[in-house]
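In what follows, a single structure is set out as structure tokens and then discussed.
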Amino acid sequence: MKSWSGILALAGRLCMSWIFLTSAYSKLFGWQSNVQYVATRHFTNPALVTMMLGGALVIELFGALCLISGFQARIAGLVMALYLITVTVIFHNFWAITNEMARGANYMHFQKNLGMIGGLLMVAALGPGSLALGKQQDSR
């Protein structure tokens, strides 16, 4: 199994990266619809929304690239986990939703994000594995 660990770690990093890459793409090419979505959570100050979305775009794009390449993957995993915790609490707060269908959908997103946070924390703790750029990181 040891010989497969680098391949499995790379596959895991690629799978985790996909959602962040597509989300970054959505922000780049659908900025206004993202502004409208953020406004549904009562963030209406244009400067704040621009700062939030810009920060999210940077974290999602560069974090995903770090995960894919393995370069600085531990740092990227930790930053992305902290980012995703924040996003999950703000945008998938199922406990505050009264509509049953919306609550169920947000609960599913909340659970999905918990799994992603777990994967990101594992990368932060264990490193990217053997198939990574910048192997100076400990990749037990």
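Each residue takes its place number in the sequence, starting with 1.
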On a heavy-atom basis, which atom in F91 and which in R41 lie closest, and how many Å separate them?
O-NH2, 2.9 Å
Do S26 and N34 come within less than 4.5 Å of each other through their side chains, counting heavy atoms only?
yes
Side chain proximity check, I68 to L21, heavy atoms < 4.5 angstrom
yes
Residues A64 and M80: closest non-hydrogen pair is N-CE, 3.8 Å
Of all heavy-atom pairs linking G6 and S130, the shortest is CA-OG, 3.3 Å
So if I apply the side chain to side chain contact (heavy atoms under 4.5 Å, CB included) rule between L84 and each of L121, I117, L114, which one comes out positive?
I117
For A9 versus P128, what's the shortest heavy-atom pair and its separation?
CB-O, 3.4 Å
CH2 (W18) with more than 12 external heavy atoms under 6.0 Å:
no
Mind listing the closest non-hydrogen atom pair of R13 and L67 along with its distance?
NE-O, 2.5 Å
Report yes or no: does N99 contribute a side-chain atom to a donor-acceptor pair with the main-chain N or O of M101 at less than 3.5 Å?
yes
Evaluate the side-chain proximity of M16 to L120: yes if any heavy-atom separation is below 4.5 Å, no if none is.
yes
Please find the pair of heavy atoms, one from A76 and one from G63, that lie closest to each other, and give the distance.
CB-O, 4.1 Å
Would you call the rings of F20 and Y83 parallel, tilted or perpendicular, where under 30° means parallel and over 60° means perpendicular?
tilted
M116 atom CE, over 12 foreign heavy atoms within 6.0 Å
yes
Assign the ring pair F110 / Y107 to parallel, tilted or perpendicular, where the plane angle (0 to 90°) is split at 30° and 60°.
parallel
Just jot down the salt bridge (Lys or Arg N to Asp or Glu O under 4.0 Å) partners of R103, sequence neighbours excluded, or say none.
E100
